[in-house]
2 protein chains.
Amino acid sequence: MKPPSEKSAGRRKSRPSFEPLQPHEIELADFFVRMAGILGVPRSVAEIYSLLYVSSGPLDFDHIQGRLGMSKGSVSQGLKFLRDHEMILSVKEKGARRERWQPTPSLAASLVALLRSQVLPALEQAQPSLQRVLADVQKLGAQPEVIERLSRLNRWNSRALELAPLLLPPPGA
Amino acid sequence: MKPPSEKSAGRRKSRPSFEPLQPHEIELADFFVRMAGILGVPRSVAEIYSLLYVSSGPLDFDHIQGRLGMSKGSVSQGLKFLRDHEMILSVKEKGARRERWQPTPSLAASLVALLRSQVLPALEQAQPSLQRVLADVQKLGAQPEVIERLSRLNRWNSRALELAPLLLPPPGA
DNA sequence: GCGTAGGTTCAAAAATTATTGAAACATCAG
DNA sequence: CTGATGTTTCAATAATTTTTGAACCTACGC
């Protein structure tokens with residue numbers, strides 16, 4: 001009636017079976033999940049990062065999947081996201097097949113990269129759009145009040161684009 | 001067979017019928033919707049703000065609903081959100097029944113209020129949590145590396161809380 | 001090459017979040 | 001008060017986002 005005990009001897013090619021998360025691991029994950037939420041980063045990604053963050057050494061794919069109890073797909077996509085945003089590093093041991101992951105040394109740098117990737121494209125895309133809108137309302141003879149608002153918005157956007165490289169320096173700078 | 005022409009004479013208590021959005025209004029809305037998306041603000045809220053932003057005078061409830069073609073519920077909730085975050089002001093004309101809305105003078109201040117409301121509570125809630133996690137891993141005798149990471153996270157959080165009032169000053173400061 | 005460990009992709013399912021609209025509530029003019 | 005206008009609430013629905021898992025690549029050791 002009971003399933004074969006997980007730790008019991010019969011270890012053929014047993015699926016490894018991982019420890020469930022400890023209370024402190026869960027609490028930290030909650031923290032990261034909340035913060036990630038503000039930036040629109042999905043829960044599973046935050047959970048992966050959090051786990052790597054409290055773990056002593058780098059973890060491989062199966063460990064992550066096992067301890068978090070999440071699907072292969074999610075782990076793969078989550079690691080991709082974290083890689084793309086330079087939030088984790090792989091530690092390749094020579095002669096080893098699988099990659100093992102750990103957080104990059106600086107969480108600050110990671111957050112900057114994340115912000116960059118969200119904000120910069122939006123600002124860049126906005127530029128021509130805002131200029132068109134301003135031109136339109138001028139042509140249509142809108143109230144000075146509205147023209148003033150839109151001018152200010154335009155100036156803001158331009159300045160943000162100029163400042164961005166300083167506040168959110170690209171990786172190699 | 002055809003519905004009574006909207007502009008035609010028969011104006012009993014005709015539902016007012018509003019102009020569809022102009023191209024430039026749509027383009028600006030796209031901009032605001034995108035920006036709002038970064039902060040997790042719903043589309044309908046961004047659309048309302050955008051409309052008020054390009055409009056010459058303050059608009060009332062029905063105007064907003066009519067021009068954006070959105071439900072009463074959405075307009076009500078959207079205005080509530082914008083009010084709560086001090087992004088719009090109502091202009092009460094004496095003797096008038098309905099309220100009319102316009103954006104607050106400073107979009108910058110609005111954004112600060114918005115950030116505040118998202119980030120501050122998260123930081124405050126995190127404080128005790130992070131301290132517990134740190135205490136736990138110390139008690140459990142984790143690697144110095146992990147303890148160091150969590151200490152830094154704690155320090156960060158504390159400093160962010162200290163700095164918050166400066167960077168994100170509360171309304172009356 | 002061949003087989004397989006290791007990982008990715010992506011369509012379908014689940015979970016979450018936003019919107020709607022009808023009923024309830026509030027407030028003001030008469 | 002009363003009735004109409006103006007607004008909010010909230011359960012139901014729709015839209016969107018996230019997760020899953022099975023099929024599919026890919027590269028390496030043999």
Side-chain angles (χ1 to χ4, degrees), chain A residues 12-16 18 29-30 32-34 36-52 58-84 88 90-101 118, chain B residues 12-16 18 29-30 32-34 36-52 58-85 88-101 118:
Chain A
R12 4 185 96 274
K13 190 180 233 173
S14 67
R15 69 196 80 171
F18 297 93
D30 285 349
F32 276 113
V33 167
R34 223 188 294 280
I38 293 176
L39 293 172
V41 173
R43 151 180 301 267
S44 64
V45 173
E47 285 178 355
I48 294 173
Y49 185 84
S50 181
L51 178 60
L52 297 179
L59 301 185
D60 67 32
F61 196 107
D62 287 354
H63 251 78
I64 296 170
Q65 187 188 352
R67 298 235 35 229
L68 294 175
M70 88 181 27
S71 69
K72 271 184 154 208
S74 286
V75 174
S76 176
Q77 289 178 187
L79 288 175
K80 178 173 185 356
F81 180 99
L82 292 168
R83 249 185 280 128
D84 289 351
I88 58 175
S90 94
V91 179
K92 286 202 183 226
E93 294 195 11
K94 56 183 177 186
R97 195 73 178 284
R98 26 182 59 207
E99 304 211 76
R100 302 169 72 223
W101 301 94
Q118 300 235 320
Chain B
R12 6 185 95 271
K13 190 177 239 173
S14 67
R15 69 195 80 174
F18 298 93
D30 285 350
F32 276 113
V33 167
R34 224 189 293 281
I38 294 176
L39 293 171
V41 173
R43 150 179 300 268
S44 62
V45 172
E47 285 178 354
I48 293 172
Y49 185 84
S50 180
L51 178 61
L52 298 179
L59 301 185
D60 67 30
F61 197 105
D62 287 353
H63 251 78
I64 297 169
Q65 187 188 352
R67 297 233 38 226
L68 294 176
M70 95 183 20
S71 69
K72 275 180 161 217
S74 286
V75 174
S76 176
Q77 289 178 188
L79 289 175
K80 179 175 184 355
F81 180 99
L82 292 169
R83 248 184 282 129
D84 289 352
H85 293 284
I88 59 175
L89 292 171
S90 93
V91 179
K92 285 200 184 227
E93 295 195 8
K94 56 183 176 184
R97 195 74 179 281
R98 23 182 61 206
E99 304 211 76
R100 302 169 71 224
W101 301 95
Q118 300 236 320

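None of these values were measured; they are calculated from a predicted model. Residue numbers begin at 1 in each chain, while the letters A, B, ... track the order of the sequences.
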Write down the distance between CZ (A:R98) and P (D:dC28), rounded to a whole number of angstrom. 16 Å

Filter on salt bridge (Lys or Arg N to Asp or Glu O under 4.0 Å), then keep only pairs touching residues 67-76 of chain B, sequence neighbours left out; what's left? B:E25-B:R67

A side-chain contact here means heavy atoms from C-beta on lying under 4.5 Å apart; do A:F81 and A:V41 qualify? yes

Value in whole Å for how far the C1' atom of D:dA4 lies from CZ of B:F61: 17 Å

Contact check, side chains of B:D62 and B:R98, non-hydrogen atoms, under 4.5 Å: yes

Within the structure provided, determine whether A:E99 and A:L79 are in side-chain contact (heavy-atom separation under 4.5 Å). no

I'd like a table of atom pairs between the protein and nucleotides 10-13 of chain D - only N or O on both sides, under 3.5 Å - with the distance next to each one.
from: D:dC10; atom 1: N4; to: B:Q77; atom 2: OE1; distance (Å): 3.1

Taking OP1 and OP2 of D:dT8, is either one under 4.0 Å from a side-chain nitrogen or oxygen of B:R83? yes

Could you tell me how far apart A:D62 (CG) and C:dT8 (C1') are, to the nearest whole angstrom? 14 Å

Closest approach to the side chain of B:S76, judged atom by atom: which nucleotide of D:dT8, C:dG7, C:dT8 is it? D:dT8

Tell me which nucleotide among D:dG21, C:dT20, C:dG7 gets nearest to the side chain of A:S71. D:dG21

Check: B:P58 and B:W101 side chains under 4.5 Å, non-hydrogen atoms: no

What does the list of N/O pairs under 3.5 Å between the protein and nucleotides 25-30 of chain C look like, with a distance for each?
from: C:dT27; atom 1: O2; to: B:R97; atom 2: NH2; distance (Å): 2.8
from: C:dC28; atom 1: O4'; to: B:R97; atom 2: NE; distance (Å): 3.3
from: C:dC28; atom 1: O2; to: B:R97; atom 2: NH2; distance (Å): 3.3

Between C1' of C:dG6 and CD of A:Q65, the distance in whole Å: 11 Å

Heavy-atom neighbours of A:R43 CZ exceed 12 at 6.0 Å: no

Contacts of A:F61 that satisfy ring-ring contact (aromatic ring centres under 6.0 Å, His included) - sequence neighbours left out: none

Rounded off to whole Å, could you give me the CD-to-C1' distance for the B:E99 and D:dT5 pair? 14 Å

Can you check the A:K72 NZ to D:dA22 C1' distance for me, whole Å? 10 Å

Restricting to non-hydrogen atoms, name the atom on A:I64 and the atom on A:V75 that form the minimum distance, rounded to 0.1 Å. CG2-CG1, 4.1 Å

Please classify the nucleic acid contact of A:R100 as base, sugar-phosphate, or nothing, using heavy-atom distances under 4.0 Å. nothing

More than 12 foreign heavy atoms under 6.0 Å from NE2 of B:H63: is that the case here? no

Measure the distance from CG on A:L59 to P on C:dG6 and round it to the nearest whole Å. 15 Å

Distance, rounded to the nearest Å, where A:F81 contributes CZ and C:dT8 contributes P: 16 Å

Under 4.0 Å from any atom of DNA chain D, heavy atoms only: list the residues of residues 39-48 of chain A that qualify, in numerical order. A:P42, A:R43, A:S44

Side chain to side chain donor-acceptor pair (under 3.5 Å) involving A:D30 - partner list, sequence neighbours excluded: none

Between C:dG7, C:dT9, D:dG6, which nucleotide has the shortest distance from any of its atoms to the side chain of A:K80? C:dT9

Heavy-atom closest pair, residues B:Q65 and B:S71: NE2-C, 4.0 Å

Locate the shortest heavy-atom distance separating B:Q118 from B:L39; write the atom from each residue and the value. OE1-O, 3.3 Å

